[in-house]
Every structure is written in C-alpha cells, then in structure tokens.
Amino acid sequence: MRPTGKLHIGHYFGALQNWVRLQNDPAYECFYFIADWHALTSDYADTSAVAQNTIEIVTDYLAAGLDPQKSVIFQQSLIPEHAELHLLLGMVTPLGWLERVPTYKEAFENVTNKDLHTYGFLGYPCLQTADIVMYSEPGTPLFVPVGEDQVSHVEISREIVRRFDFFYGFKVHPDLFIPANFADYCRALKNLRVVKTLRDLVDSSEQPWEASAAAKASILTRYAAEVGMRNFTDEMGEFRKYFEFSEVLTEPQVMLTRTPRIPGLDGRKMSKSYGNAITLSESDEEIRKKTKVMVTDPARKRRTDPGNPDVCPVYDWHKLFSSPETLAWAAEGCRSAGIGCIECKAKMADHLIQWITPIRERRVKYEKDRAHVLEVIDTGSKRAREVAKGTMERVREAVFGWQKKRAEVAASK
C-alpha cells in the first residue's frame, strides 16, 4: 500500500482481511510492503508526510492482525534491488504499453491539481512489476491477491515479464547454424515463417542464411516474443531441439479476492480523499457522529416511507458488522417503514464499534511503542532484501552473463 495515511475499514475488508488469512495458511509465503517509492509517482512535490504515514500504515497492519513472524513486512525504499530491477524491466517495455494502461489515462482525466507528465508516473507499471516478481522463484507459483478492479495491473506485469524472459531466458542452440545442419535450418525457417523477417532485418547484401549466427538468433528471439511461446513451440515441430526456454522471472498470477461492497459515508467509493471513510483508529464519538449523516435509500424521504435495503449504504455496512438477527431486523424494518433511518444507523454504529474496538486497542498499544514498529519494518526489510539479492543475482546473470564470462576467462589462463 502507498503511504497516504491511516487505513480505513475499506482497506481492511478490501485487502487486510485476506492478507491475514493468507499469512495463516502454510501453503503461502507472504510479502507485504509499504510502497513509498510509488508515493513519489504522484506526490513527488511534497514528501513531508511519507515517513510518518509509513509508520501509521505498519501500525495499522499490526493492529489488523498481520504478524511479522508469519509474513514479511517491509519498506520498499529499503530494498534498492527494486530500483535495479525496475530499470532492467524498463529497458524492454514498449512505450505504447505504458501509455495504454487504463489507470494512466484515467489519472490524467481525474487528477487536475498535480502534474503527472513525468517519467516516474509513466513507468509506474515497471516498478510495480519489479515489486511483484522480485519475490518469485523459478518453478514456484507467484500470486498477487487483488480485487477485480486491479486485474489489469497484474496483466501488464505478466506481459512485461513474458517479454523480459523471452529476451534473457530464450536461447537458440548454436548447432542450428553450423553447415552440417543447414537443411534443418532452412526447414526451420520455413516452419517458423520468418524468412521474410530475416530478409528485412539483415544487411541487404546478404541472403538470410548468410547473416551472422548472432543476428539470426536475435531475430528468432524477437519473432518468438511476438508470436508467444506456445505458438512458437507449435511452429517449431521437430526442430524444437534447437531452442530452449528457461524462466528468469515468474509470471504472476491473479488471486482474485472477492470483496464485499464497502461504500463510503456518502455512497461513493470509500476514499480518504473524498472524506467519506471510517479509519481503523476512529473513536466511538467520531463513528457515531459520521454514521449519523450517512446517506440512505433516497426513496425514504419521510419516516413513514418504506425503503429498499439493497440500495442503502447503511445496510451494506450492516452486512459487514451486524449479527444475523440485526440484519433481518434492519431489512424488514426498512421495507415496512417499521424503523427509521436514524434508528437503523445507530444500531449499525453499535455493531461497528463492537467490531472495531479490539483492532483499535491493539493499535493504541503499537502507537505507544513506535520503536517496535520501526523494528518490525527494519527486520522485515532485511529479510526481504536477502530474497531480493538472490533474485538479482539470477537476473544479472541472465542479462549479462558475467559469471559465465569470468569462468571462461579463468579457464583460458
């Protein structure tokens, strides 16, 4: 999460609740972090609140039930490898992909008080992809728990990783280009439908089969990246023995999280920027004050008017916090006009306060011990960095091959 301030109940039901469930499942190794570099993509002009907001969010993480013994909780900017992988991914990501990201276009339409025409904002998906795949391990599934509105973010990460792996994990065996295999090479080109591509890309004075082995391998790699690995494999047929593909970074998969409808106090999406949220640290007095003015079914203009609980934000909140008995009471009372909206809101507030009290009490405990919160951040960041270092060793070797080159030099002495 970006460090924009204290978390609210929308964050809890939209993400934190599921994160706690996943950390308690031994099948998963979980990494949760504060994306302070991401905060700079839009709030670069004023970073004065980032440090305090980071502490506030980790405090909320702990209060909500995240356990640093069961999951890795860390701060993005303490892991410099994220920036390095971001740079390498940016080298292979087409500009057009970034410009077509739906949230990129939406931000320009909706955010008018900030200048978002920056390299950092445009490259946001590359940094996000680095954040995700930094904690991948070849052969092990990598999941990102998201709601339906964030699936597109994971999809572009998959595309970026797929392209990166083609450039640095796809290999053409040099035996394909030796004279003894000339017939195989020609038939492979025919199968792969790249003869025209080769003619377009090699020197005009050369025949496609006269291009250097490196040029041929590069063109075949680019072709494979364009058509996709599955299509390429189908086209290879009997010549697949000349090609190999190794996973450098793992394509992330979406773990779709079904989240309940959590409207804000005014019926819109809950957001701190709209001022329509209840934070996890809200006092009883503030909860009652804010919920008393919540919007309800617009059809209930008078106390005697029957309403429809299915279109009422207050009833949506009853579903989150109230007992089945109260839920039935609210639905029946709304439809029959047996209860008024003020009475319904007050009852919901009672249950909300009952639900939030233990979270708030844990939060107060951590608020009194900020040093412990910082220790959680630092310890988790050290654990995360050890994983990140291993990932970057693998990535650097795939991109540059220095270990292989040094071994060759040492062997030639």
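Basis for what follows: all heavy atoms, side chains included, without hydrogens, waters or symmetry-related copies. The chain is numbered in sequence order, starting from 1.
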Does the [X] side chain pair with the main chain of [Y], one donor and one acceptor, at a distance under 3.5 Å?
X    : Y    : result
R335 : P306 : no
W97  : E159 : no
K6   : T279 : no
T47  : D43  : no
R303 : A337 : yes
D297 : C312 : no
S283 : E286 : yes
D369 : H372 : yes

For atom [atom1] of [X], decide whether the heavy atoms of other residues, nucleotides or ligands shown that lie under 6.0 angstrom number more than 12.
X    : atom1 : result
E29  : CD    : no
K114 : NZ    : yes
E99  : CD    : yes
L374 : CG    : yes
K347 : NZ    : no
Q354 : CD    : no

Distance-minimising heavy-atom pair for [X] and [Y]:
X    : Y    : value
I55  : V373 : O-CG1, 3.9 Å
P145 : W19  : CG-NE1, 4.2 Å
L7   : H11  : CA-ND1, 3.4 Å
M294 : G264 : CE-O, 4.4 Å
N276 : R268 : ND2-O, 3.8 Å
P263 : W317 : O-NE1, 2.9 Å

If you measure from [atom1] on [X] to [atom2] on [Y], what distance do you get to the nearest 0.5 Å?
X    : Y    : atom1 : atom2 : result
I9   : L16  : CD1   : CG    : 12.5 Å
T291 : D350 : OG1   : CG    : 9.0 Å
W329 : C334 : CH2   : SG    : 10.5 Å
R383 : D378 : CZ    : CG    : 13.5 Å
E84  : T391 : CD    : OG1   : 11.0 Å
L320 : L327 : CG    : CG    : 10.0 Å

Can you list the residues that meet the side chain to side chain contact (heavy atoms under 4.5 Å, CB included) rule with K365, with sequence neighbours excluded?
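Not a single residue meets the side chain to side chain contact (heavy atoms under 4.5 Å, CB included) criterion with K365.
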Going by side chain to side chain contact (heavy atoms under 4.5 Å, CB included), name the residues that satisfy it together with S322, two or more places apart in sequence or in a different chain.
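S322 satisfies side chain to side chain contact (heavy atoms under 4.5 Å, CB included) with H318, T326, H351 once adjacent residues are dropped.
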Could you go through the side-chain contact (heavy atoms from CB on, under 4.5 Å) check for E137 and T250 one step at a time?
CA-CA 7 Å; E137 184 177 329; T250 304; 5.8 Å; no
Side chains of S42 and R2: is there a donor and an acceptor less than 3.5 Å apart?
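The answer is yes; a qualifying pair exists.
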Distance-only side-chain donor-acceptor flag, D36 / T54, under 3.5 Å
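No pair is found: no donor N or O on one side chain lies under 3.5 Å from an acceptor on the other.
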The criterion is salt bridge (Lys or Arg N to Asp or Glu O under 4.0 Å); which residues satisfy it with R158, sequence neighbours excluded?
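Listed in chain order: E155, E251.
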Considering residues at least two apart in sequence or located in another chain, which fulfil the salt bridge (Lys or Arg N to Asp or Glu O under 4.0 Å) criterion with D305?
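D305 satisfies salt bridge (Lys or Arg N to Asp or Glu O under 4.0 Å) with R302 once adjacent residues are dropped.
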Are [X] and [Y] close enough that some pair of their side-chain heavy atoms sits under 4.5 Å apart?
X    : Y    : answer
I79  : S381 : yes
V295 : L265 : no
V161 : T129 : yes
L280 : Y12  : yes
D149 : K269 : yes
R394 : L249 : yes
V254 : V144 : no
D284 : R360 : yes

Among V72, L22, V58, side chain to side chain contact (heavy atoms under 4.5 Å, CB included) partner for Y32
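The residue from V72, L22, V58 that satisfies side chain to side chain contact (heavy atoms under 4.5 Å, CB included) with Y32 turns out to be L22.
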Salt bridge [X]-[Y], side-chain N to carboxylate O under 4.0 Å:
X    : Y    : value
K290 : D266 : no
E81  : R385 : yes
R363 : E367 : yes

Apply side-chain contact (heavy atoms from CB on, under 4.5 Å) to the pair L85 and L127, showing each step before the final yes or no.
CA-CA 8 Å; L85 184 54; L127 179 56; over 6 Å; no
Looking at [X] versus [Y], is the centre-to-centre ring distance below 6.0 Å?
X    : Y    : answer
F164 : F170 : no
F121 : Y44  : no
F33  : Y61  : no

Which residues satisfy the ring-ring contact (aromatic ring centres under 6.0 Å, His included) test with H38, sequence neighbours excluded?
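Testing H38 for ring-ring contact (aromatic ring centres under 6.0 Å, His included), a comparison that skips the adjacent residues, returns Y124.
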Please work out whether the ring planes of Y28 and F143 are parallel, tilted or perpendicular, with thresholds of 30° and 60°.
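Perpendicular.
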Cut-off 3.5 Å, no hydrogens considered: what does the side-chain donor-acceptor table look like for residues 62-70, sequence neighbours left out?
residue, atom, partner, partner atom, Å
D67, OD1, Q69, N, 2.8
K70, NZ, N24, OD1, 3.0

Kindly indicate, with the supporting measurements, whether the criterion side-chain contact (heavy atoms from CB on, under 4.5 Å) is fulfilled by M392 and L88.
CA-CA 10 Å; M392 288 313 300; L88 293 175; 4.0 Å; yes
Worked verdict on T257 versus R21 for side-chain contact (heavy atoms from CB on, under 4.5 Å)
CA-CA 11 Å; T257 303; R21 180 185 64 81; 6.0 Å; no
Give the C-alpha distance, both sets of side-chain angles, the deciding distance and a yes or no for side-chain hydrogen bond (donor to acceptor under 3.5 Å, both in side chains) between K171 and S246.
CA-CA 8 Å; K171 305 296 181 186; S246 59; over 6 Å; no
